[in-house]
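Below, chains carry the letters A, B, ... as their sequence lines are ordered, and counting in each starts from 1.
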2 protein chains.
Amino acid sequence: MKSLSEAVRRGELHTADCPSRDELKHASSLWGVLCLLALRGETLRFSELRRRATGVSEKMLAQTLKRLEKDGLVERVAHPVVPPHVEYSLTSLGQGLTEHVAALADWIEFNLPEIMAARRATGDLTEPVQ
Amino acid sequence: MKSLSEAVRRGELHTADCPSRDELKHASSLWGVLCLLALRGETLRFSELRRRATGVSEKMLAQTLKRLEKDGLVERVAHPVVPPHVEYSLTSLGQGLTEHVAALADWIEFNLPEIMAARRATGDLTEPVQ
DNA sequence: CGGTATCCGTACTGATACTG
DNA sequence: CAGTATCAGTACGGATACCG
């Protein structure tokens, strides 16, 4: 099987038979990434998750969790008690993905000084951030 | 310094002193990822890149490349010839990032069957993929 | 507590036209 | 060829309010 990067090279990422791209888009959404990282190694409730992925709105969090659950990356367990209690955790599939996401996130964190330096050197002369 | 995943766990990702998140957002934009993957191991011209990251509009591609260049991940070399000739390639910094992105992309590709199976089992009763 | 429904602004997209 | 500029349509994200 060819790799995704191979597929990119051949321009095969738009066809309907390549759902990798959808999944790539899902996995690379900011909130998706933040949820995965937050759930790494622990089980969290909705509100805890909301605190972890600071800045997420309830709507986006709910939507993101739904998609992650739908993709089999996150498991949702609702306890039918009077104050609702719902717990989210990574499935084994989600754990596998999260390892890669965490590696990427940590790379960014580690190399941030260099990135910031580059940004200062090349960029904002021409244009403000955007 | 602590890792990004650690930071997520402590809910420290919204403060101004944590630009990792911006960078994470950049790096995880679909077009950004596709550009990085396309440039992996080779130098491409604008139009080639456009063909690779199929579906991107000229506007978005230009915008994405600018950001990647500004962050020091992609190098832009313009040859001042009559039919303009511009080449894009990864910087060493960009190569480092792209390795991780590619690892993640390939993981997705490899595990896609399982993801699709999960999606069918849990999800699309409520909503079409979109 | 754990969401859903609604509104609204921004960002993205696609098409087209223009420049060097 | 490699963009930039502009416009109109759409989708996405955020804030608020409300429900079980």
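Note on B:Arg45: every side-chain N or O is 4.0 Å or more away from OP1 and OP2 of D:dC1. A:Tyr88 has a side-chain polar atom (N or O) that falls below the 4.0 Å cut-off from OP1 or OP2 of C:dG3.
Atom P of nucleotide C:dA5 and atom CD of A:Gln63 are separated by 12 Å, given to the nearest angstrom. Remark: C1' of D:dG13 and CG of A:Leu61 are 13 Å apart, rounded to the nearest angstrom. Distance CG (B:Leu34) to P (C:dT13): 12 Å, rounded to an integer number of Å. Atom C1' of nucleotide D:dG20 and atom CZ of A:Phe46 are separated by 15 Å, given to the nearest angstrom. When the P atom of C:dG3 is taken as reference, atom CG of A:Leu65 falls 8 Å away, rounded to whole Å. We find that CD of A:Glu48 is positioned 16 Å from C1' of C:dG3, with the value rounded to whole Å. Rounded to an integer number of Å, the gap from CZ of B:Arg67 to P of D:dG3 is 16 Å. Distance B:His85 NE2 to C:dG20 C1': 17 Å, rounded to the nearest Å.
Taking for each of A:Val82 and A:Ser29 the nucleotide of DNA chain D with the nearest heavy atom, the 5'-most of the two is the partner of A:Ser29.
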Nucleotides 14-18 of chain D: which of its N/O atoms have a protein N/O under 3.5 Å away?
{"from": "D:dG14", "atom 1": "OP2", "to": "A:Trp31", "atom 2": "NE1", "distance (Å)": "3.3"}
{"from": "D:dG14", "atom 1": "N7", "to": "A:Lys59", "atom 2": "NZ", "distance (Å)": "3.4"}
{"from": "D:dG14", "atom 1": "O6", "to": "A:Lys59", "atom 2": "NZ", "distance (Å)": "2.0"}

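Comparing C:dC1, D:dC1, C:dG3 by their closest approach to the side chain of A:Pro84 singles out C:dC1. Checked against C:dT4, D:dT4, C:dG2, the side chain of A:Lys66 finds its nearest nucleotide in C:dT4.
Shown are A:Leu65, A:Leu44, A:Thr43; of these, the side chain to side chain contact (heavy atoms under 4.5 Å, CB included) with A:Tyr88 is made only by A:Leu65.
Counting only residues at least two apart or on different chains, the ring-ring contact (aromatic ring centres under 6.0 Å, His included) pairs with a member in residues 29-81 of chain A are A:His79-A:His85. Contacts classified as side chain to side chain donor-acceptor pair (under 3.5 Å) and involving residues 92-103 of chain A (residues at least two apart or in different chains) are given here: A:Arg40-A:Glu99.
Residue B:Arg50 is classed as having no contact, given no heavy-atom separation below 4.0 Å to the nucleic acid.
The shortest distance between side-chain heavy atoms of B:Lys66 and B:Gln63 does not fall below 4.5 Å. No side-chain heavy atom of A:Val74 sits under 4.5 Å from any side-chain heavy atom of A:Cys35. Side-chain atoms of A:Lys70 and A:His26, non-hydrogen and from C-beta on, never get closer than 4.5 Å to each other.
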When the side chains of residues 110-117 of chain A are checked against the rest of the protein, which donor-acceptor pairs come out under 3.5 Å, sequence neighbours left out?
{"from": "A:Asn111", "atom 1": "ND2", "to": "A:Trp107", "atom 2": "O", "distance (Å)": "2.9"}

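Contact between A:Val86 and A:Ala78 at its shortest, heavy atoms only, is CG2-CB, 4.0 Å.
In the helix from C:dC1-D:dG20 to C:dG20-D:dC1, the rotation axis of the first five pairs and that of the last five pairs differ in direction by 40°, rounded to 10 degrees.
Under the salt bridge (Lys or Arg N to Asp or Glu O under 4.0 Å) criterion, A:Glu48 pairs with no residue, sequence neighbours left out.
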